[in-house]
Amino acid sequence: MTELLSQAYSKEKGLFHCPPWMKVLAPEDLLRRLERNVLLSSMGHRDLPERQQTMTATVAWSYQLLQPHEQHVFRRLGALPHQFTMTGAAAVVAGTSPAGAADTIDAVIGAVAGLIDKSLLQRVDTGSGERPLYGMLETVRAYASLELAAAGERDEAMDGLARYCVDEAGLAGQSLVGPRQAEWLHRVRDDLENHRRALTWLLEHERVHEACEIGGCFSSGSSAGMPSRGFAGTSRFSTTGRFPQRTNRVRWSAPA
Amino acid sequence: MLYAQGNVARPPAMLTRAILLAGQSGDRVVGAQAQVLFGHVEHGSGNRAAALEHFAQGLEAFRSLDTLWGTGSALSGTAGVRLAMGDTAEAERLLYEATTMLRESGPWFLTPVLCYRGVAAANRGEADLAIGLMKESLGYIRELHDRFSFVHALLPLAAGAMLKGDDEWAARVLGASAAVSSSSGARVAIAVVQDLKDRTERAVRERLGPERWERAYLEGGGCSIDSLLDDIDAALVSS
């Protein structure tokens, strides 16, 4: 407890960082997070808006109530920056296990259903039921990301994401030319933020060959540079990562 | 991406390096693709001879690789330069060949070809043909969400509307193109399309006068692809 108080006390501000967390975490867990600076980076500062502190503490409370396998899936999903497919979720849960993604998918489906029931995950409305997408509210995703770091599983999850993206890029390379072109353009767009994150991580870890396998799909070869004309070429969408819903009525309005 | 945003100043150095690296690594597809993109950039810069040279090199490489989408794209780019040079017959021959090659490659490859064919039709004064071709293109664009092609496809459509004497419709379509460009960052990068736009806008502005022009142009900013397609259907039925 002495160690905990010493870690939590800010000399600069003369305040303790973590009162809201004391309501939801055991002292050992709280100390571990403080030592890794996981807690402080999210909401430890008392100058954060009270509403935000309350929201994060609420997510933390929900997390503590999850079953261990649901907690595992939840924090692994924190590696995904945006919306994701069930296959993508299974890949980050499987991590570095070579054949893990396929074996894990049934277990992940169960956990995802549980997380949806507990409002920690949402099904994203894409207008297409063929390839359902899931996503987290940003506050929830940020908390999952912190839990991932606290568990020391970030690289394991990112390895799974990278493998998923390499596989998807290979399939896209074959399918972006031909009758299923539109379907695959949407599929690549849906995963764009995941590909970006995987590319960044691979380059940080000097895994250039895999990065080229992903990059090659988007900049050359059989995809013929489609993103440069189709979506990356439109700066607004490449910076926000948002794309219009798949719908037959696409409206563009003049700027105000 | 820079080219799609209308920047033709920076890409040449990058493309030169890309071609060099592709040659060193033996990646012939990337090298050929860089040649075709270089052709578009040179065309956008007004360097027609250089553009034709790059398209020719890309065409030769893609033919040797037996890559239909690449061969068709190189032919389409060459046709665009021929069109700009006033060699309409040769341009149309190349576009026909490109269409045949690209039919099975997917709609993304067909929209530039349709745009060039629309420009050629408008230049000949064939309003219904230009409008019909852009109807086909807008169908693909709706499917693909391809804003770059959307910005371009609306300009032969506006020319077609003007040729049919419906200047307010032409102004609305021009306004729609400008709104998409403004909201997406996609710019008109193809010289012959820009030229057609300038000619159409001048004529329509003059005939409508400032007030009617501005009203119709602003109204265009609220158009959807579906409303544009409805307008096309109505225009084609009435002709």
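On a predicted model such as this, the values are computed, not experimentally measured, just so you know. Throughout, protein chains are lettered first and strands after them, A, B, ... in sequence-line order, and every chain is numbered starting at 1.
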Atom pairs and distances, donor-acceptor, side-chain atoms in residues 166-173 of chain B, under 3.5 Å, two or more places apart:
{"residue": "B/Asp166", "atom": "OD1", "partner": "B/Trp169", "partner atom": "N", "Å": "3.1"}
{"residue": "B/Asp167", "atom": "OD1", "partner": "B/Arg207", "partner atom": "NH2", "Å": "3.0"}
{"residue": "B/Asp167", "atom": "OD2", "partner": "B/Arg207", "partner atom": "NE", "Å": "2.8"}
{"residue": "B/Glu168", "atom": "OE2", "partner": "B/Arg212", "partner atom": "NE", "Å": "3.1"}
{"residue": "B/Glu168", "atom": "OE2", "partner": "B/Arg212", "partner atom": "NH2", "Å": "3.2"}

Going by the rule side chain to side chain contact (heavy atoms under 4.5 Å, CB included), which residues pair with B/Val188 if we only count those two or more places apart in sequence or in a different chain?
B/Val151, B/His152, B/Leu155, B/Val193, B/Gln194
Residues, nucleotides or ligands: over 12 heavy atoms within 6.0 Å of A/Arg76 CZ
yes
Does B/Glu211, at its CD atom, have more than 12 non-hydrogen atoms belonging to other residues, nucleotides or ligands within less than 6.0 Å?
no
Separation between CD of B/Glu143 and CD of A/Glu183, rounded to the nearest 0.5 Å
10.5 Å
Locate the shortest heavy-atom distance separating B/His145 from A/Arg189; write the atom from each residue and the value.
O-NH2, 3.2 Å
Is any side-chain heavy atom of A/Val177 closer than 4.5 Å to a side-chain heavy atom of B/Phe109?
yes
